[in-house]
Amino acid sequence: MKLRKNILIISSFIVYGLWFMPGSAQAAERFFEIKAKKFSYTPNIINVNRGDTVKIRLLSEDVHHGFFVDGYGIKTSAHPGMEGSLKFIADKAGRYTFRCSVTCGEFHPYMVGYLVVGPNSRFWLYAAIVLVIGIGSLITLNRARKTNG
Amino acid sequence: MADKLFGLIDLNWRFELTKFKLIRNLFKSRWFPLLAIIFNLFIFVIILISGLIGGFSAGNYNFGIMIVWILWWVMLMFILVPIFSRAWCLMCPFPVFSDWLQRGALFVVTGLKLKGLGLKWPKALKNMWVMNILFLVTTFFSGFFTVRPLATFILLGGIILLAFLIGLVFEKRSFCLYVCPVSGFQGLYSQFAMAEVRRKDPEICKNHKVKTCYVGNECGYGCPWMLTPFNFTKNTYCGMCLECFKSCPHDNMAFNLRPPGVDLLVDEKRGLDEAWKAFIMLGIAMVFFLTMQGPWGFLKDWVRGTSLKGYLTFISLHTAFSLLIVPAIFLVFSYLSKSFSGAKEVSLKKIFTNFSYTLVPLGLGVWIAFSVGIVLPNGSYILHIISDPFAWGWNLFGTRSVPWTPVFTGALGHLQGAVLIVFYLFSLAYGARLSRQTYPTEEQAKRGWIPILIFLTLATLAFLWLYIG
Ligand code: SF4
Ligand code: SF4
Ligand SMILES: [Cu+2]
């Protein structure tokens, strides 16, 4: 029982710590020029730190493409020769998908990229839970059997 | 002492839904599930027509594409399979024409002699291998049928035609049991389901000399899935057609709710075919995620076949990954399990096969999490297409001009993370029990379980990283 309690305490500390993990670097202004082309973006993954001000310039190389950011709910779009732009503060940590919001061809629903607002506490949170469960289950199983048999 | 899942739910707990008269009478009526089948037939006719009309256009505003790959697929993975087992097969319209042909009637029971050639399915193929291969091959074309209406038309039309032809030649539901590409994973994952069809009292069955549930009578056909309703023990091959409710004169069949996953512990008909089904499903989930929800343009170009070389690369890597690499990794961990346990007398094949059932909850979780990532961003297209199924400018429900609206996509990462963890827990819970089934002593089971636990943890972490990392 004591062991279980310890596991619980340790894991809640990990989870708590991850949840409130501060952005490591100073908040900065980040600028990205993103080119959209059927059916991907270049760059396709953009990394920023939590608190950064993110400025995006969207260019299209073929048809009308959109740019919608999950979780932030903001969007822009670009025609060839007519760029779009977006400015926001990356205040939510985690990996968010940005997706094309204008039907641009058959693969349009799968035209996506990632905005990674670091540190990716969401991932580390769930990864920590998995590890705690895995290790915890091993320990409790072993103990249960020892006391039984 | 009762074996309790997570120390909470007794694995033997059952709640019989058919004890309610209303449900029992519904299940015994010949109208049910026929009406559901006819309704779905109607929907699938619209799907086929819209697929044909839609041709090569972009699929996100096409009725067929959206109903099949967003609504139907998600319903299968979220609700039908994990909760109700093969509830889709209960209402599936694909084999309705061959049933009709074999029975000579849609509604009434015509007699015990079925029409058609009624050949026996070859013994060597009485397993999941044909379905495994067919399903894998089907996914080669995922870059087409999930986005091109005509490709969906060809795929579904092909399945319906094949169901009919096989029903013409082979007996009963041979198609469903051994061929249907949708059948294999439903069968495998329905072991996790929270519902089951089972007989109630074995004594009543024993005293009932003519097994009418198997041979049929004037009220119902003998089990079309060629099970023995009076004693089968796992969901995999029960199509929930409910004929046995009609043909049992003693009302001895039950539709039960139960704790999720109990069939995983049923040591019957376990085999490499089902193991491979589990591997293939994991492999496909990974490949689908990379190509559909990943940001890599070159992968998308591979799957949609912009160049032959890219397409062939995709097919080869996909096949190698699902058929060889995933099983090979699992084999390594099974081998480790064997050596850790120190149980020389237990064969590696048994260890490998038994533990492959731990991949059922995990795989289901992986697919549910994948599907959340498809339905939340794209679900709103459904409002458009139900109002204008043929893109003729109709506005049946007044929802034609609803714009594309992603729903809760900000929480997607949390949902996917949480789903993976829940199903990881189930995998662990059943894995530890499977270990006790596999190894003769507690001590061996305890040690043999460790490598498999590590595998499951690593696999969960890998998918977690892929989905949200
Ligand atoms: S096995 Fe396939 S064809 Fe048969 S009922 Fe199920 S989904 Fe339909
Ligand atoms: S046991 Fe056979 S007859 Fe009964 S529901 Fe299942 S498939 Fe149908
Ligand atoms: Cu686009």
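Chain letters run A, B, ... following the sequence lines, proteins first and then strands; every chain starts at 1.
- One finds the CZ atom of B:Arg148 at 9.5 Å from the CZ atom of A:Phe107 (value rounded to the nearest 0.5 Å).
- Residue contact with chain A, scored on non-hydrogen atoms closer than 4.5 Å, involves the backbone and the side chain of B:Thr457 alike.
- Contact check for B:Trp404 versus A:Thr103: no side-chain heavy atoms found under the 4.5 Å cut-off.
- For A:Tyr96, the part lying near chain B is the side chain, with the backbone staying farther off; criterion is any non-hydrogen pair under 4.5 Å.
- Between the A:Asn44 side chain and the B:Gly294 main chain, no donor and acceptor come within less than 3.5 Å of each other.
- Atom CD1 of residue B:Ile454 and atom CG of residue A:Leu138 lie 7.5 Å apart, to the nearest 0.5 angstrom.
- Around atom NZ of A:Lys37, no more than 12 heavy atoms belonging to other residues, nucleotides or ligands sit under 6.0 Å away.
- Side-chain contact check for A:Tyr126 versus B:Leu420: every heavy-atom pair is 4.5 Å or farther apart.
- From A:Ser40, atom OG reaches atom CG of B:Asp301 across 7.0 Å, with rounding to the nearest 0.5 Å.
- Put simply, CD1 on B:Ile65 and CD on A:Glu106 are 10.0 Å apart, with the number rounded to the nearest 0.5 Å.
- A heavy-atom distance below 4.5 Å is found between the side chains of B:Lys446 and A:Asn142.
- The two residues B:Tyr381 and A:His108 come nearest to each other via the heavy atoms OH-NE2, 3.0 Å.
- A:Trp124 CH2 to B:Ile468 CD1: the interatomic distance, rounded to the nearest 0.5 Å, is 11.0 Å.
- Within residues 59-68 of chain A, the residues having any heavy atom less than 4.5 Å from a heavy atom of chain B are, in residue-number order, A:Phe68.
- Of the residues considered (B:Leu453, B:Leu412, B:Thr291), B:Leu453 shows the highest number of contacts with chain A, using heavy-atom pairs under 4.5 Å.
- A:Arg95 and B:Gly469 make their closest contact through NH1-O, 2.9 Å (heavy atoms, listed as atom of the first residue, atom of the second, distance).
- In this structure, A:Gly134 and B:Leu428 approach most closely via the heavy-atom pair CA-CD1, 4.4 Å.
- Interface remark: of the candidates B:Phe298, B:Tyr424, B:Tyr61, B:Trp296, B:Tyr424 forms the most heavy-atom pairs closer than 4.5 Å to chain A.
- Rounding to the nearest 0.5 Å gives a distance of 11.0 Å between CG of B:Leu464 and CZ of A:Arg122.
- Contact check for B:Leu461 versus A:Leu131: side-chain heavy atoms found under the 4.5 Å cut-off.
- When each of B:Ile450, B:Leu376, B:Leu466, B:Leu456 is scored by its heavy-atom pairs under 4.5 Å with chain A, the top score falls to B:Leu466.
- For A:Thr97, no part lies under 4.5 angstrom from a heavy atom of chain B.
- Of all the heavy atoms in A:Pro109 and B:Asn60, the pair that sits closest is CG-CB, 3.9 Å.
- Residues B:Ile374 and A:Tyr110 form a side-chain contact, since some pair of their non-hydrogen atoms from C-beta on lies under 4.5 Å apart.
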